[in-house]
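Chain letters run A, B, ... following the sequence lines, proteins first and then strands; every chain starts at 1. Note that the structure is predicted; figures quoted are calculated from it, not measured.
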Amino acid sequence: MTTDVPSRPKARAPRGFQDRRADALAVERKILAAVSRVYETYGFELLETGALEYADALGKFLPDADRPNEGVFALQDDDDQWMALRYDLTAPLARFVAEQSDSLPKPFRRYAFGPVWRNEKPGPGRYREFLQCDADTIGSDRPEADAEIIAMAVEGYGAAGLPPSAFTLRINNRKLLNGLLTAAGVGDSGQKLAVLRAVDKLDRLGATGVAALLGAGRKDESGAFTKGAGIASAAIDSVLAFVEAARETRIATLDRLAQVIGGSIEGDEGLAELSRIDDALTRLGVADDRAVFDPSIVRGLEYYTGAVFEAELSLQTPGDHGEPVRFGSIGGGGRYDDLVARFTGQRMPATGFSFGVSRLAAALAASGGGLEKARGPVVILALDGALMGEYFALAGELRACGVAAEVYLGSSGMRAQMKYADRRLSPAAVIMGGDEMAAGTVTIKDLDLGRSLAGAVTDNQTWRDDRPGQITVPRAEWLARVRRIVETAA
RNA sequence: GCCGCCUUAGCUCAGUUGGUUAGAGCGCUAGAUUGUGGAUCUAGAGGUCCUCGGUUCGAGCCCGAGAGGUGGUACCA
C-alpha cells in the first residue's frame, strides 16, 4: 500500500438536521416563552421526560409493525431492550401518567416542550428533529376540557406573535364520520381508515378526487394509481355531503351536520360533544372566525378517539424565487381516551394540543421580513498587547452594568477589528491605544451612527478624516457614554 | 417507498465536437491608508468538477451503478 492522503471526515450535518444560529434561536425562544406563559396562566404545570423511551411504549403506533426501526430512531440498550427517541410528547406523557398515576392529582394538567425526532424523509420546512410544545389534560372527559385546550391554542398563537388573520383553528370529531359510516353499512376498519385518508385530501384534490378515492381509486397526473376505499356510491354521497358541511358559524355547521349525519348513536354523541365545545368556546371568548368546525379535518393519528383539532397557517409567504409557500399545519391535537389504558388497562380520558414550534418559527421568520438580527457585544479593541489588562478592566466595568462586552482576542490589526465589530452588529467599539492612555481619555465609536452617516461620505479622505460617529472623552466619562449608546441601539 | 429533474470554489453560476495548468461575479484574507467599518484600486487564499466503475491516447463533458439535493406522489404516530 502506498501512503494515502489521510481520509478526513466530511464536515456536514446529517440530513434533516439543522444548525441554527442566534437569530433563529431567539425567535424560537420567544415563542416558547410566550406559549409557556399562556399555558401556565391556564393552570398547567411543566413536565420534562427523557428523550428516549422503550420502544414498546411507543411501538403500538408505528405505521408498520414489521419494521420497528422505521419512523423512529431506535437503538438497543446493553440489556437488549429496544429504546427509541420520542417522536412526539404525547406518548411519553401517557407512559408517565400510567407509571406515576397514584401520585398525580387528577385531572392532571401538564405542558411540556422539547425536541422530538422522526426518522423519515426530510423536505422543505420538514426536519427529522424539531421542537414541539404541548399541553394536555388527563383524566377529564368533559368536552369543556377540549374547548379550553382550543382556547389556549388560539391565545398561544396570538402571544407568539401571529396576527389573528394569519391562522385558523379547525375542529372536528372522529365520532361523526365513524357513526355516519356505520350507519351507511361501512363497518370494516380498513375501509374506514381509507375513507379518513381520502377525506384528508379534500383541500388538495377537491370533491371529485375524494369521490374517486372513496370508490374504485384515483390515477394522478403522473399516472400513479391510488387504490380507493371501495365503498358503495350511496355511502360516497353521504361522506361528501358530510365533508362539505362546513358553514360560516359553528352553530350553522352543527345544524347542517345534524341533517347529513343520519342518526347513529356514535354520530349523535359526537354532535353533542361539539355543541358543548361551541358553548364553552363562546364563553371563553373564542369567536367563530378563530375556531371553526370543519368536518374535513382528519389528523393522521389513529389514537384519536373524539374531537380533533388542527391549526392551519393561512398566511401566504413568498419563497426564495417569489412563489408563494404554504406552510399548512402549524399544530394540532385531539382527544385520545384510550392511550393511557394501553399501560394500565383502565380508561383514562385525555385531550391535548401540540404546537409546531419550529414550523411556526420558520413561518414567522419567512413572513416577518424585518426580523431584527441579534446584536453583538460592545467590542473593546486590542491595540496594544501591553494594555490587555486595561482592556479586560474596561470590559469588566461594562459587564458589571449588565452591558455585553468583549475584548477582541484575535491577532489582526485595527481595521480587521473594526470589521469584526461591524459583523457582530456591535453597538459600539471602544478604542484605547497609546494616544488615549497618555491623554487619559477613551475613544468611543457609535457604530450605528457611523453606519447611517457612511452613505453620505463619497471620498475616502473625508471618510478617514471625519471618523463618523466617533468621540473621544475623558476616562471618567467613558462608561456613561457607552451605556447611552447601547441603550439607544437596543 | 415510487417517478421526474439536478450536483463544478463559502454562495450564485459559466465551461466550446471529448484535448495543455478548470473560470467569473459576490464573499473571504491582506495591502494601498503609523490607529479606523463604507466606497475604489491591487494582490492572495480557496477545487476529490458528488462517489465508484467503464469507454477512450485523453473525461468536468460520453456510458453504468450508487449517494445527496429538489419537485411530484405515497406515508406521516
Which listed nucleotide ([options]) is nearest to the side chain of [X]?
X	options	result
A:R423	B:G37, B:U36, B:U29	B:U29
A:E436	B:C75, B:G35, B:G38	B:G35
A:W463	B:G37, B:G35, B:A30	B:G37

Describe the nucleic acid contact of [X] in one word from base, sugar-phosphate, nothing, applying a heavy-atom distance below 4.0 Å.
X	answer
A:R451	base
A:T90	nothing
A:D466	nothing
A:L381	nothing
A:Q470	base

Task: Atom-to-atom span, CZ of A:R128 to C1' of B:C75 - whole angstrom - done: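 Spelled out: CZ on A:R128 to C1' on B:C75 is 16 Å.
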Task: Residue that, paired with A:W117, satisfies side-chain contact (heavy atoms from CB on, under 4.5 Å) out of A:F17, A:F130, A:Y87 - done: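 That would be A:F17.
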Open item on the list: In whole Å, measure the gap between the P atoms of B:A14 and B:C62 for me.
Closed with: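 Pairwise P distance, B:A14 against B:C62, rounds to 15 Å.
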Task: Cationic N near anionic O, under 4.0 Å, A:R451 to A:D448 - done: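 So A:R451 pairs with A:D448 through a salt bridge.
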Open item on the list: For RNA chain B, please output the secondary structure as dot-bracket, reading 5' to 3'. Pairs are Watson-Crick or G-U wobble, both atom distances under 3.5 Å; mark crossing pairs with [ ], other-strand partners with |, unpaired with a dot.
Closed with: (((((((..((((.....[...)))).(((((.......))))).....(((((..]....))))))))))))....
- [ ] Report yes if a side-chain nitrogen or oxygen of A:R299 is closer than 4.0 Å to either non-bridging phosphate oxygen (OP1 or OP2) of B:C76; otherwise report no.
- [x]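 Negative; the distance criterion is not met.
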- [ ] Specify the residue among A:G433 and A:A416 whose closest nucleotide of RNA chain B lies further upstream toward the 5′ end.
- [x]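 Whichever sits nearer the 5' end wins; that is A:A416.
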Open item on the list: I'd like to know whether A:M152 forms a side chain to side chain contact (heavy atoms under 4.5 Å, CB included) with A:F44, so could you lay out the CA-CA distance, the side-chain angles of the two residues, the decisive distance to 0.1 Å, and finally the verdict.
Closed with: CA-CA 11 Å; A:M152 223 163 45; A:F44 287 70; 3.5 Å; yes
Open item on the list: Tell me if the side-chain of A:K121 makes a donor-acceptor pair with the base of B:G72, cut-off 3.5 Å, by modelled atom types.
Closed with: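 Such a pair is found, so the answer is yes.
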TODO: List in chain and number order the residues that pass side-chain hydrogen bond (donor to acceptor under 3.5 Å, both in side chains) with A:R95, two or more places apart in sequence or in another chain; answer none if no residue qualifies.
DONE: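 A:R95: side-chain hydrogen bond (donor to acceptor under 3.5 Å, both in side chains) contacts with A:E53, A:E99.
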